[in-house]
> 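Just passing along the structure, written as C-alpha cells.
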There are 2 protein chains.
Amino acid sequence: MGNIRTIPSQCGTVSDMDARSPSPPSPWLPFASRRRARDEKREAVLRMAVALFLEQGYHRATLNEVARRLNITKPALYNYFRGKDEILFECWAIGNELVDDCIAETSSGGGSGLDKLRKLLLLYAELMTEDYGKSLVRFDIRDLSEDNRKIVRTAKRRIDRAFRDYIAQGIADGTIKPCDPKLAAFAIAGSLNWIGHWFQPDGAMTGKAVAEEFAIRLTEGIATTSKRKKADKPPGTSKPSREDRGEHHARTAPRAAGQSKRTRHRLR
Amino acid sequence: MGNIRTIPSQCGTVSDMDARSPSPPSPWLPFASRRRARDEKREAVLRMAVALFLEQGYHRATLNEVARRLNITKPALYNYFRGKDEILFECWAIGNELVDDCIAETSSGGGSGLDKLRKLLLLYAELMTEDYGKSLVRFDIRDLSEDNRKIVRTAKRRIDRAFRDYIAQGIADGTIKPCDPKLAAFAIAGSLNWIGHWFQPDGAMTGKAVAEEFAIRLTEGIATTSKRKKADKPPGTSKPSREDRGEHHARTAPRAAGQSKRTRHRLR
DNA sequence: TCCGTATATTACCCATGGGTAATAAATAGT
DNA sequence: ACTATTTATTACCCATGGGTAATATACGGA
C-alpha cells in the first residue's frame with residue numbers, strides 16, 4: 001500500500017537534517033531460515049531504527065518501515081520492544097553508553113585539564129559523526145515516557161558536568177584561561193552537538209578529520225598556550241585521505257555482548 | 001475531551017528542548033467584538049504557533065490547541081493559512097527575515113572582517129534567544145512542502161555564506177588568523193545555533209548578555225589580537241542585572257507593517 | 001434596514017499509524 | 001516424532017488530528 005520514498009537533502013550551517021548511512025543489513029533472511037541470537041536481532045532492530053529515525057525523523061518514520069527494511073513485519077518488533085518510544089529510548093541509551101565510554105577513557109588517561117578537555121572533545125566529536133552519537137542530539141526528549149525522560153535528563157547533566165569539570169580543572173592548573181566554565185562548556189558542546197546535525201559520512205572529510213580539527217579549534221580560544229600541529233598556515237582545507245577508519249576505539253563490536261546495566265527490560 | 005498539559009523541562013548542554021515564552025496574547029476576544037486588521041490576526045496566529053511549536057514540538061502541537069489559545073476554533077485558521085506546514089513555513093520565514101536584517105545591518109556598518117564577524121555573531125546570537133530565531137534551528141525542514149524546503153535550503157546557504165565571507169575577509173585584512181573559513185563557520189554557527197536549544201528567557205542571563213559573551217568568546221580563538229573587555233579575570237559568571245531589555249534593535253514592532261517580499265500567498 | 005463579504009462556527013470525513021488478538025511456522029529438547 | 005516455547009504472521013482495532021463542507025454571525029456600506 002503506502003509506498004514511502006526517501007527524501008533528498010543537503011548540508012548547511014544553520015540546520016538541515018537527514019543522514020543517509022548506507023542502511024544497516026538485516027539478520028532476517030526473507031522469511032526462511034531464522035533463529036539467531038536474540039540480542040543480535042534486538043541490536044539489528046536498533047541499528048535499523050536509529051538509521052531510519054535520523055533519515056526521516058522520528059515522527060515520519062513508521063514501525064512498518066523499520067520492519068520492512070528488516071524483512072519482517074511490524075508485530076514482530078513487539079517481541080523485542082514495548083513500543084516505538086522504547087525503541088527510541090534504547091537508541092539513545094546506546095549513544096549514551098558510548099559517551100560514557102568517552103568520558104571514562106578521558107578520565108582514566110592523565111594529563112592537564114586542557115589535555116583532558118581536548119581528549120574528550122576529540123572522542124565526543126567523532127561520536128557525533130556516527131548514528132548513535134547523532135541520536136543523542138537529534139532526538140527529542142519529549143517523545144519519551146516520563147520515566148525515560150528523567151533518565152535522559154540526568155545523563156545529560158552528567159555529560160555537561162564532565163565538560164565543566166575539565167575546564168575548571170584546566171583553569172586551576174593554569175592550562176586554561178580564566179573563564180566561566182558553564183558558558184564555555186555551552187559554547188564548546190554547542191559546536192560539537194551541531195556536528196550531529198550537518199555531518200554526513202559521504203562528505204569531503206572523515207569523521208576523524210572533523211573531530212581532530214574541532215578538538216584543536218575549540219580549545220584555541222581558551223588555552224593559555226597555542227597549539228597548532230602544522231605551523232600556522234591554513235590547515236589543509238580537507239583531509240581526503242579517508243585511510244582506514246577501522247575500529248577507532250571500542251565500538252559496535254563490543255556492544256553486542258553484555259547489554260550491561262540500566263533499565264534493560266527483558267520482555268516476558 | 002483531550003486535555004493536553006504543558007510538559008516540564010530543563011536546560012542542558014547536550015540537548016533538551018522546550019521554550020516557555022509567556023504565550024503571546026490573542027487579538028480575538030472570547031467570541032465577541034471582532035474585526036481587527038487581517039494582518040494583525042495573521043501575525044497573532046504565527047506568534048502563538050511558533051510558541052506552541054517550540055514548547056511542544058511541531059508534531060505534538062495540534063492546530064486545535066493553537067486555535068484554542070487564540071480563543072477561536074481550528075477551521076478559522078484556514079482563513080489565513082493553507083495548512084499546518086504553511087504555518088510552520090511562515091514562522092520560519094519571519095525568522096529568516098530577521099536574520100537578513102542582521103546581515104544587512106552588519107554589512108552596512110564598516111570595520112574589519114573581524115569587526116563584522118563579531119557584529120553578526122552578536123546579532124545572530126541574540127536572535128537565537130527569541131522564538132522566531134529558535135524556529136530557524138529547531139524546526140525540521142522535512143516537515144515542509146518540497147517548494148518551501150527548497151526556499152529554506154537556499155536561505156540557509158545565504159546565511160552560511162555571510163559567516164564564511166566575513167571570516168575570509170578577516171583573514172585577508174589580517175584581523176583573523178589563517179584558517180579554513182568553512183570549518184570555522186561551522187564551529188561558530190554550531191555554538192550559536194545551539195543557543196536556540198538551551199536558552200530560556202527565565203534563566204540567569206538575559207539574551208543580550210549571552211549574546212555578548214558568545215560574540216567575544218567565539219572569536220577569541222581565531223582573532224589575531226585578543227580583546228577582552230574586562231581585563232582577564234573570570235568574567236562575572238552572570239549578568240543578573242536584567243535591566244531594560246526593551247527594544248534592543250528593530251524587531252517585533254516594525255514587523256507588523258509591510259509583510260514585504262517573498263512568497264506571501266494572499267488567500268482567496 | 002437590508003445585503004454582500006469576510007470570518008467565524010459546528011459537524012463531519014478519513015488517512016495514518018501505533019498497538020493488539022488470534023494463529024501459524026520454526027526450533028530445541030527429550 | 002511429539003511437544004513446548006519462541007517468534008513470526010495475518011487481520012484487525014481505534015485514537016489522533018489534519019482538513020473540508022455546510023452554515024451561522026458580524027460588520028461595512030448603500
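Every chain is numbered from 1, with letters handed out A, B, ... down the list of sequences.
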> NA contact type, A:A67, heavy-atom cut-off 4.0 Å: base, sugar-phosphate, or nothing?
nothing
> Check the distance between C:dT7's C1' and B:F81's CZ and give it to me in whole angstrom.
15 Å
> Pairing donors with acceptors under 3.5 angstrom, does anything connect the side chains of B:H59 and B:D143?
yes
> Nearest whole Å is fine: how far is D:dG17 C1' from B:D143 CG?
15 Å
> Are any of B:T73's side-chain N or O atoms less than 4.0 Å away from OP1 or OP2 of C:dT9?
yes
> Atom CG of B:D39 and atom P of C:dT7: how far apart are they, to the nearest Å?
10 Å
> Between the protein and nucleotides 19-22 of chain D, which nitrogen or oxygen pairs are less than 3.5 angstrom apart?
from, atom 1, to, atom 2, distance (Å)
D:dG19, OP2, B:Y78, OH, 3.0
D:dG19, OP2, B:K84, N, 2.8
D:dG19, O5', B:Y78, OH, 3.3
D:dG19, N7, B:K74, NZ, 2.9
D:dG19, O6, B:K74, NZ, 2.8

> Could you state the atom-to-atom distance from CG of B:L77 to P of C:dT9 in whole Å?
9 Å
> Ignoring backbone atoms, test whether A:R38 places a side-chain nitrogen or oxygen under 4.0 Å from the OP1 or OP2 oxygen of D:dT7.
yes
> Any cation-pi pair here, B:K134 with B:F139, using under 6.0 Å and within 45°?
no
> With sequence neighbours excluded, what pairs up with B:S191 under the side chain to side chain donor-acceptor pair (under 3.5 Å) test?
A:S191
> Looking only at side-chain N and O atoms, does B:N193 offer a donor or acceptor that is under 3.5 Å from a partner on B:Y124?
yes
> With sequence neighbours excluded, tell me which residues meet side-chain contact (heavy atoms from CB on, under 4.5 Å) with A:K74.
A:L63, A:N64, A:Y78
> In whole Å, what is the span from the CG atom of B:L70 to the P atom of C:dA8?
10 Å
> Got a salt bridge between B:R60 and A:D140, using NZ or NE/NH1/NH2 to carboxylate O under 4.0 Å?
yes
> Side chain of A:N79, heavy atoms from C-beta onward: which of C:dT7, D:dT9, D:dT7 has the nearest atom to it?
D:dT7
> Closer than 4.0 Å, any side-chain N/O of A:Y58 to the OP1 or OP2 of C:dG18?
no
> Please give, in whole Å, the distance from D:dG17 P to B:L52 CG?
12 Å
> Output the rounded distance in Å from NE2 (A:H59) to C1' (C:dG17).
12 Å
> Measure from the ring center of B:W198 to the ring center of A:F186 and say whether it is less than 6.0 Å.
yes
> Given atom CG of A:L88 and atom P of C:dG18, what is their separation to the nearest angstrom?
12 Å
